[in-house]
Amino acid sequence: MAAPQPGCKTLRPSISSPSAAGPAPKRFRTMATDAAAPPASAGCSAMKAEFARHTEYLNALNDKRERLVKASRDVTMNSKKVIFQVHRISRNNKEEVLSKAENDLAAVVNQHIGKLVKELQGTDFWKLRRAYTFGVQEYIEAATFCRFCKTGTLLSLDEINDSLLALSDKSVEPLQINVLDYILGVADLSGELMRLAIGRISDGEVEYAKDICSFVRDIYRELTLLVPLMDDNNEMKKKMEVMLQSVVKIENACFGVHVRGSEYIPMLGSSAEPDYAFFGGADYD
């Protein structure tokens with residue numbers, strides 16, 4: 001190895017010795033920027049703007065869903081009041097009770113169904129169906145219940161949707177109740193008709209109870225053919241079980257009155273004179 005020339009400095013790698021205070025602080029690596037930085041910043045700004053638009057849309061959708069849930073609760077509560085009003089019907093106050101029930105039902109449409117229509121018209125209202133379906137089903141139950149007690153017929157889906165057109169703005173797509181909500185509401189109707197039939201039997205209106213029995217039986221038979229063809233029918237299957245129970249209760253009540261009616265119908269409101277002979281005693285003058 002050659003000796004170093006005089007006047008030249010020998011370059012040796014410097015080895016840093018640890019100081020007495022401890023090891024030197026560690027440096028963090030930083031990413032150097034280049035000429036492509038301005039386009040990347042522009043892309044980040046565009047992405048932020050896109051996320052901001054999605055955030056605004058989702059916030060508006062959630063706010064609308066909350067308003068629909070509240071309006072649906074109002075529809076449910078007031079529709080139940082209409083049903084309770086109809087159950088006060090008797091042979092002596094039928095016209096009066098039904099008139100008040102129809103006025104209350106019209107108030108439900110104008111005040112509460114109208115809120116649903118204004119929120120949902122012109123939008124993809126099927127996206128928010130779960131927020132308002134229970135209120136719509138209860139309204140259909142109340143409306144069909146009033147129609148049956150007045151005319152003995154079933155209120156159709158087209159008639160219900162036609163009544164909602166007056167609440168909608170003609171410049172946008174109106175809210176239309178779908179077939180599924182209508183069928184679910186009609187399925188709930190059987191329970192109210194069962195209660196009505198039992199009440200009419202207690203007042204001696206056996207023929208009216210038989211008409212109710214025939215009506216509910218026809219609805220159950222038709223829905224039995226339709227339910228297997230429905231895609232989302234889990235909820236409908238449960239309602240069909242409840243409807244069958246209602247049909248059986250009405251049939252048993254009508255059958256019991258038909259078989260043993262001579263024993264207790266005079267005591268349940270019949271206009272005929274009561275006969276006390278079956279108690280083992282003579283008739284009273």
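Throughout, residue positions are numbered sequentially from 1 according to the sequence presented.
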Using a strict threshold of under 4.0 Å (side-chain N to carboxylate O), is an ion pair present between [Y] and [X]?
X	Y	answer
Glu192	Arg195	yes
Arg91	Asp203	no
Glu141	Lys80	no
Asp63	Arg67	no

Any donor and acceptor pair, going by atom type alone, linking the side chain of [X] with main-chain N or O of [Y] inside 3.5 Å?
X	Y	value
Thr224	Tyr220	yes
Ser190	Ala187	yes
Ser202	Gly199	yes
Ser79	Val75	yes
Asn62	Asn59	no
Asn110	Ala106	yes
Thr55	Phe51	yes
Asn161	Ile177	yes
Ser163	Ile160	yes
Ser214	Lys210	no

Identify the heavy atoms of [X] and [Y] that sit nearest to each other, and give their distance.
X	Y	result
Lys64	Glu119	NZ-O, 3.3 Å
Cys149	Lys94	O-CE, 3.2 Å
Met236	Val227	CG-CG2, 3.6 Å
Ile140	Val186	CG2-N, 4.3 Å
Arg147	Thr153	CG-O, 3.4 Å
Cys254	Ile201	N-CD1, 4.1 Å

Side-chain heavy atoms under 4.5 angstrom apart, residues restricted to Ile, Leu, Val, Met, Phe, Trp, Tyr: same cluster for [X] and [Y]?
X	Y	answer
Leu229	Met240	no
Val136	Val179	yes
Phe134	Leu184	no
Leu189	Leu244	yes

Aromatic plane relationship, Phe148 with Tyr208 - under 30° parallel, 30 to 60° tilted, over 60° perpendicular: parallel
If you count heavy atoms of other groups shown closer than 6.0 angstrom to CD of Glu50, is the number above 12? yes
Does a sphere of radius 6.0 Å around CD in Glu159 hold more than 12 heavy atoms from other residues, nucleotides or ligands, not counting ones at 6.0 Å or beyond? yes
To the nearest 0.5 Å, tell me how far Tyr182 OH sits from Gln137 CD. 13.0 Å
Measuring from Leu61:CG to Glu66:CD, what's the distance to the nearest 0.5 Å? 10.5 Å
Among Leu155, Leu98, Val86, the one residue meeting side chain to side chain contact (heavy atoms under 4.5 Å, CB included) with Lys150: Leu98
Is there side-chain contact between Leu196 and Ile89, with at least one heavy-atom pair below 4.5 Å? yes
Taking the six-membered ring for Trp and the single ring otherwise, decide whether the centroids of Tyr139 and His112 are under 6.0 Å apart. no
